[in-house]
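Below, chain A is the first sequence line, B the second, and so on; all start at residue 1.
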Amino acid sequence: MSTVRLRAACPPPIAVLFSPTMNGDLFDNPATTSDETGGSDSAAYHPLLDGLNTEQRAAVTTTEGPLLVLAGAGSGKTRVITHRIAWLVQECGVEPWRILAVTFSNKAAGEMRERIERLLGGSSASLWLGTFHAIGVRLLRSFGEHVGLNRSFSIYDRDDQLRMIGRVMKAMSVSDKVFNPRAIAGYIDRAKNRCLLPDDPRLPAGGVQERKAAEVYAAYEKEMRIADAVDFGDLLMRPVQLLTKFEHLRASQAERFRYLLVDEFQDTNQAQYALLELLSSHHGNLCVVGDDDQSIYSWRGAEISNILEFPDAHANATVIKLERNYRSTRPILEASTAVVSRNRSRHGKVLWTEQAEGPPIRAHVASDDREEAEWIARTIERLSADIALDEIAVFYRTNAQSRLLEEAMRRFRLPYLVIGGHRFYERAEIKDALAYARLLVNPRDSAGWLRIVNTPRRGIGAKAVEAVNQLAQRQSCSLPEACEAIAAQGRTSGLRGVDKLQLFVALIGRLRDGLTSLRADQAGRMILEHSGLLDALREDGSLEAQGRIENLQELVTAMREHAERADNPTLVGFLEQVALVSDVDALSEKRQSVSLMTMHAAKGLEYDVTFLAGLEEGLVPHGNSAGDVAGLEEECRLLYVAMTRARKKMHLSYALARRRFGGWPEPTVPSPFLSAIPGHLLEGDGLTGRGVGTPGLAGRSGSSGGGGARHGSFGGGLRARIARLDPPVRVDDRGDGTRIEHDADGGAPGTGARVGHDGKGAAQGGDAADANSDAGRSGAISVGGQVVHVTFGRGDVLDVSGSGGLARVTVRFGRVGMKKILARFLRPA
DNA sequence: GTGTCCCAATTTTTT
DNA sequence: ATTGGGACAC
């Protein structure tokens with residue numbers, strides 16, 4: 001260990017004032033070399049600065065006043081933040097509860113807390129550390145009544161939000177054909193990101209759509225108040241409103257939080273920025289860390305100007321640039337820099353590294369999307385001999401791309417983890433169960449009521465729901481309240497199904513009574529048993545229902561884990577976590593797995609080995625930003641973010657043909673961004689293992705010659721050549737030939753079912769083709785005839801609908817009974 | 001009120 | 001390809 005000893009910048013007088021543990025001799029009493037576990041009051045500032053470079057140290061020790069840290073990718077940003085917090089606590093004697101640290105994701109918050117606790121050698125429970133949204137919730141739970149919220153308010157996700165918008169639009173007789181509810185939800189989000197209330201004159205009202213959206217927004221807000229619910233936008237806007245409107249609250253909160261730290265500042269929106277300004281208004285100790293080159297959330301209202309103009313907005317701001325990259329090998333850094341350098345609107349940092357040369361970037365041109373997934377999985381399998389799987393990640397642009405990759409992972413028996421994408425909590429049965437929980441906690445939860453009033457089926461149909469809705473509109477009350485009112489009226493309500501409503505009201509009442517002081521998992525179990533959710537699934541008995549039951553059991557497990565861990569073990573605490581945490585999969589288990597995620601989700605993470613899949617025009621950059629310069633630049637930054645995640649080895653790939661919406665493969669064009677990468681950094685061949693001297697990504701630079709582009713675009717030249725080589729790649733060279741297809745009944749993976757694939761067969765070896773050609777002759781399948789299915793065996797054809805390979809055939813199999821199956825998975829017996 | 005068939009939309013990115 | 005909604009039949 002080095003013995004460098006640094007004199008700290010002078011501690012803040014203000015901190016002295018408010019820090020009982022501070023004392024005057026702090027700086028005459030330097031490091032007593034207490035290590036990280038020595039949580040004493042000794043001023044161990046030396047270890048905190050050890051190993052940091054000059055700029056990093058400055059960023060850690062410049063505690064007072066506004067500070068902008070422009071931190072390039074891999075420049076030790078997280079390290080600076082965690083050390084800065086530890087510095088504040090240990091060196092400046094700031095009580096942890098006076099520090100507010102904001103991260104971009106819950107995951108980042110968790111990791112940061114862990115690291116801080118390691119540095120401090122103790123609990124950091126009193127430190128406020130979380131996403132803006134989590135902090136918003138905390139403020140609203142405490143002070144929400146000032147803006148008309150109960151303590152038990154619900155948090156609505158997009159689904160609930162759309163449900164409410166739909167209700168409002170119906171009441172207003174606004175056609176959802178003419179005005180897209182999703183677009184209106186987007187409008188409301190954007191308004192809230194800018195803290196614009198429905199009566200704000202600054203609301204956009206240019207066209208008919210916008211004016212109508214503004215109307216719906218106003219009505220929606222009323223409904224949300226009635227339902228005692230907030231959406232994600234509210235979690236930012238309401239706290240701002242709270243602190244703006246109520247001076248005493250602003251004063252007390254700004255007084256409380258002495259030190260504010262914000263990570264990923266380039267991705268803050270107006271509401272978040274406003275919140276920061278309000279909270280730092282007392283002392284101005286606002287430290288923001290970010291990188292304009294990594295701004296990728298403008299679609300969520302992020303304003304890159306927040307970071308670019310920070311020094312202008314804060315006259316006395318200190319600006320520190322972190323430009324030394326510690327993460328990646330030189331080729332990775334060079335390639336990334338080359339890509340992002342094409343952007344015009346940027347601050348302009350020069351990242352450098354002292355890291356040794358690394359291996360070149362591996363490039364792969366796949367014949368189609370499946371082969372790409374296959375190649376990635378196969379490469380990972382090979383790498384897994386030397387590299388831990390949790391040091392490997394695959395990034396892609398859209399969530400839809402994960403499916404092929406997942407299938408490939410399963411085929412190669414590689415454990416994987418899909419980060420984000422909401423998988424578990426997006427499931428209908430889970431949402432149903434949670435809607436019960438929410439309605440129990442918040443008796444006015446309209447969206448929750450709407451979701452479960454007839455789930456499971458209990459004979460409450462559109463008529464009854466409409467009656468309740470009408471009453472709710474008339475009385476300006478929530479749906480559950482209106483429901484109770486009608487149930488109380490009994491027969492006098494004149495509603496035929498009123499007895500069913502009464503039963504439902506009684507059920508909710510019983511559950512709510514039973515709820516008091518139960519732990520989350522106990523409450524969850526009670527809900528599942530008594531709501532009828534489980535019974536309905538048990539009765540169903542199908543394989544699918546079985547899976548749902550297992551999911552619900554998993555939910556109870558998650559509830560138990562939460563109850564054992566969290567400081568609020570009740571249902572309320574659990575609901576909160578669920579509403580805010582997206583990538584629960586990642587939280588629940590950290591076993592050895594390959595990580596799969598979108599490029600957005602990759603922000604802030606790093607891996608030894610990475611794969612970037614689907615680098616094609618239309619995907620990267622995404623088609624929706626075509627023609628929009630700012631949008632294209634953001635897509636470019638997104639690629640930059642993804643590229644800079646790799647420490648040692650990066651793989652880039654694209655497919656020459658890709659299926660969209662499950663259709664046939666369509667030819668693609670390589671991402672124009674790739675042409676920025678200098679050819680000498682790349683290695684690879686599009687024709688794996690064939691020994692054909694056709695260069696892939698790298699080769700196009702030297703040999704394609706076309707267009708004079710040295711690092712040429714992946715234009716026609718290469719593709720034409722590849723197309724002539726046939727077959728380009730034999731995908732299924734593993735012998736067991738397990739290729740899983742979704743047939744009509746969603747055949748389970750892992751059965752080893754070997755069926756033909758439905759593409760053009762470009763990537764397939766011959767073995768798949770015979771199945772294909774057989775399937776093609778669906779003309780031979782007719783009612784009364786017999787067919788054979790690879791998995792289910794022989795069966796009788798009961799019905800045929802449609803024609804060709806896409807025809808749906810109802811078959812009664814000897815072993816498994818009735819199935820509906822696409823004709824192309826069958827051949828005549 | 002529920003079940004079934006057909007059609008349309010889905011795929012940016014997330015708290 | 002899968003999903004959800006709407007139209008229709010029972």
For atom CG of A:Asp176 and atom C1' of B:dA8, their distance in whole Å: 13 Å
So, using ring pair (Phe, Tyr, Trp, His ring centres under 6.0 Å) as the criterion, who are the partners of A:His622 when residues are at least two apart? none
Kindly say if A:Asn624 contacts the phosphate of B:dT12, meaning a side-chain N or O under 4.0 Å from OP1 or OP2. yes
Taking any heavy-atom pair under 4.0 Å as a contact, classify A:Arg457: base, sugar-phosphate, or nothing. sugar-phosphate
Taking any heavy-atom pair under 4.0 Å as a contact, classify A:Ala134: base, sugar-phosphate, or nothing. nothing
Does the ring of A:His622 lie flat against the base of B:dT12, closer than 5.5 Å centre to centre with planes under 30°? yes
Measure from NZ or CZ of A:Arg300 to the centre of the six-membered ring of A:Tyr297, then state whether that distance is under 6.0 Å and the direction lies within 45° of the axis. yes
Assert: residue with more 5' nearest nucleotide on DNA chain B, out of A:Thr131 and A:Arg182, is A:Arg182
Separation of B:dT15 atom C1' from A:Lys603 atom NZ, nearest Å, is 11 Å
Under 5.5 Å between ring centres and under 30° between planes: true for A:Trp299 and the base of B:dT13? yes
Find the distance A:Asp369:CG to B:dT11:C1' and express it as a whole number of Å. 13 Å
For B:dT15 and A:Ser105 - does any side-chain N or O of the residue sit under 4.0 Å from the phosphate oxygens OP1/OP2? no
Is A:Arg659 close enough and on-axis enough to A:Trp664, meaning under 6.0 Å and within 45°, for cation-pi? no
Check whether any side-chain heavy atom of A:Leu479 lies under 4.5 Å from a side-chain heavy atom of A:Arg167, and answer yes or no. yes
Are the ring of A:Tyr297 and the six-membered base ring of B:dT14 within the stacking cut-offs of under 5.5 Å and under 30°? no
Over how many whole Å does the gap from A:Arg658 atom CZ to B:dT11 atom C1' extend? 12 Å
Is any side-chain N or O of A:Asn454 closer than 4.0 Å to OP1 or OP2 of B:dT2? yes
On the ring face of A:Phe153, is A:Arg141 found with NZ or CZ under 6.0 Å from the centre and within 45° of the axis? yes
I want to check one thing: is the phosphate of B:dT15, taken as OP1 and OP2, less than 4.0 Å away from some side-chain N or O of A:Asn193? no
